[in-house]
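Here's the structure, in structure tokens; my notes come after.
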Amino acid sequence: MQIQKPRGTYDLIPAEVVKRRYVEETARKVFSNFNFNEIRTPTFENTQLFKRGIGEETDIVSKEMYSFNDGEFTLKPEMTASVIRSYLENSLYNESPLQKLFYISNMFRAERPQKGRYREFSQFGAEAIGSGDYSIDVEMISLGDSILKALGLKDYTITLNTLGTNEERKAYLSKLKEHLKPFENQLSETSKVRLEKNPLRILDTKNPEERKILEDAPVLYDFLSDESKTHFQNILTSLDALKIKYVVDYKLVRGLDYYTSTAFEFISSELGAQSTILGGGRYDVLVEMLGGKPTPAIGFAAGIERILILLEEKEKAGKFTFPEDNKLNLYIVNAGLKDNSKIQKLLLDLRALGIKCDSDFLSRSVKSQMKESNKYNAEFTMVIGETEVESQKCRLKRMADGKEIEADLNRIYDDIMLFEELLRKQNPNG
RNA sequence: GCGGAUAUAGCUCAGUAGGUAGAGCGUCAGAUUGUGGCUCUGAAUGUCACGGGUUCGAGCCCCGUUAUUCGCCCCA
């Protein structure tokens, strides 16, 4: 029996690699424009890092981690914990008080696969470590927005909330529990468990009955300090000034323990259950939790597969096209030349000069080779046989319009560059 | 992890009442000797996801497995 790829993984065949590279390169370009620097960390970490950083009770840590070596190591299920670990381990805080970092990497979570949800998946994301100022929150949101716009996406909603500080949340949570207690029997099993362990997550429910119960539940925002409220309002004011549209949703929460204060999600309606294409927020306590000095920080991550699904849907609808790979500059047709090394020598010289060129390796007919050249969308084609080798001359054909010049085999590169001029000289009327 | 659906050529899909597979696209070759795109002609390719069962006989029916997909859940 054929061996299959593991569940929830995928192959990227050449046609798909081109699309993915477009996403990665576009993201990289925008990150760079925002003066964020790339960071790369190991594929696996000590399991302890994620337990401490993400939280033992989270779904990710409690049931979705790929651990091995008796649980000592774990394939990274997200990047933030790794980035902070690396930030501390390499003392990046000594290089400058604000570190603006980005990453593009694959992650691993043992979830049930679905559209837009894989067991090995990819994210690009950014972390700004060292500033508690609201302006960096705005910077991050506009960074995410800029990348998606640069990619050609615009049909998404930016949803914002603020989760306040741990102390503020504590006061709120007891009120929320009080509100939910009477309805406990109507809650789902998971919500019942959460009522004790993490009541905030109940706000996130999709269950219509639970949503109803939550309608007149206390609102977290009302429990926040003036400082927290001002921080949030300043962000909103700035976003208005930048003409970035958003929706405030006081029920938006995040699933990882390290989040505090600002939280945001970029949501698309075209992805079914996996509607979040980009999500993030502040995590002002994480650096300290991982052994550093108290350091405010904020980050986000975006799902590359989800973005690709959206772009492919747009492509199908005729509203988008992926940029093509660089086309072949020259295809050399071998017309019965026994000594192929003469052609390969030519290819080698041209390639060294930066020309993308190829030839036949199947001893096919001239006609087939021409078709091949056409399929590769080659800019130029030339035919070389015994006659050409002897005379050191050949005909160089431009595929777009079929026009030809006589070219010198000893200076093909120059002739390609001078094509138009030579064409005029050789055919003054054509 | 729970519930539903699906699984036929590289791709998109047909396949009638169970009688051992087809189309379009793509690929390859040819349409007079060494020149592509259009057109025409022709060819190749499937253990009908895998394993078992029912039957004289299964792509079609039954069971299991695997994978995909939708919802829950989770999140990017």
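Within every chain, numbering begins at 1; the chains are lettered A, B, ... in the order of the sequence lines, protein sequences first and strands thereafter. None of the values given here were measured: they were computed from a predicted structure.
The base of G3(B) lies close enough to the side chain of R112(A) for a donor and an acceptor atom to sit less than 3.5 Å apart. Judged by distance alone with a 3.5 Å cut-off, a donor-acceptor contact links the side chain of N374(A) to the base of G36(B). A donor and an acceptor atom sit less than 3.5 Å apart, one in the side chain of R117(A) and one in the base of C73(B). Side-chain atoms of R306(A) and base atoms of C75(B) include a donor and an acceptor less than 3.5 Å apart. Checked by distance alone, T387(A) brings a side-chain donor or acceptor within 3.5 Å of a matching partner on the base of G34(B).
Between G37(B) and C70(B), the distance separating the two C1' atoms is 43 Å to the nearest Å. For U6(B) and C63(B), the P atoms lie 12 Å apart once the distance is rounded to whole Å. A gap of 15 Å separates the P atoms of C50(B) and A58(B), to the nearest Å.
The side chain of K115(A) lies closest to C70(B) when the candidates are C73(B), G34(B), C70(B). Ranking C2(B), A67(B), G30(B) by closeness to the R7(A) side chain, first place goes to A67(B). In the set U27(B), A29(B), U69(B), the nucleotide with an atom closest to the side chain of Y118(A) is U69(B). Comparing C70(B), A67(B), G34(B) by their nearest atom to the side chain of V366(A) picks out G34(B). Closest to the side chain of E305(A), out of U35(B), G34(B), A76(B), is A76(B). In this structure, of G34(B), G30(B), A76(B), it is A76(B) that holds the atom nearest to the side chain of E111(A). Side chain of Q123(A), nearest nucleotide from A76(B), U27(B), G34(B): A76(B).
Base-pair partner of U20(B): not found among the strands shown (Watson-Crick or G-U wobble, both distances under 3.5 Å).
Look at CG on L151(A): it is 19 Å from P on A76(B), rounded to the nearest Å.
In this structure, CZ on R351(A) lies 10.0 Å from CG on L346(A), to the nearest 0.5 angstrom. Here the straight-line distance linking atom OH of Y250(A) with atom CG of L160(A) works out to 10.0 Å at 0.5 Å rounding.
Residue S368(A) places at least one side-chain N or O closer than 4.0 Å to OP1 or OP2 of G30(B). A sub-4.0 Å separation between OP1 or OP2 of U68(B) and a side-chain N or O of Q114(A) is absent.
Outside the 6.0 Å centre-distance limit, the rings of F36(A) and F102(A) are not counted as a close aromatic pair. For Y103(A) and F124(A), the ring centers sit 6.0 Å or farther from each other. Residues F232(A) and Y134(A) keep their aromatic ring centres 6.0 Å or farther apart.
For RNA chain B, the neighbouring residues in residues 388-400 of chain A, judged by any heavy atom under 4.0 Å, are E388(A), K397(A), M399(A), A400(A).
Ionic pairing of E38(A) and R40(A) is present here: one or more N-O contacts between side-chain nitrogen and carboxylate oxygen are shorter than 4.0 angstrom.
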Identify each atom pair where a protein N or O and an N or O of nucleotides 7-13 of chain B are less than 3.5 Å apart, giving names and distance.
none

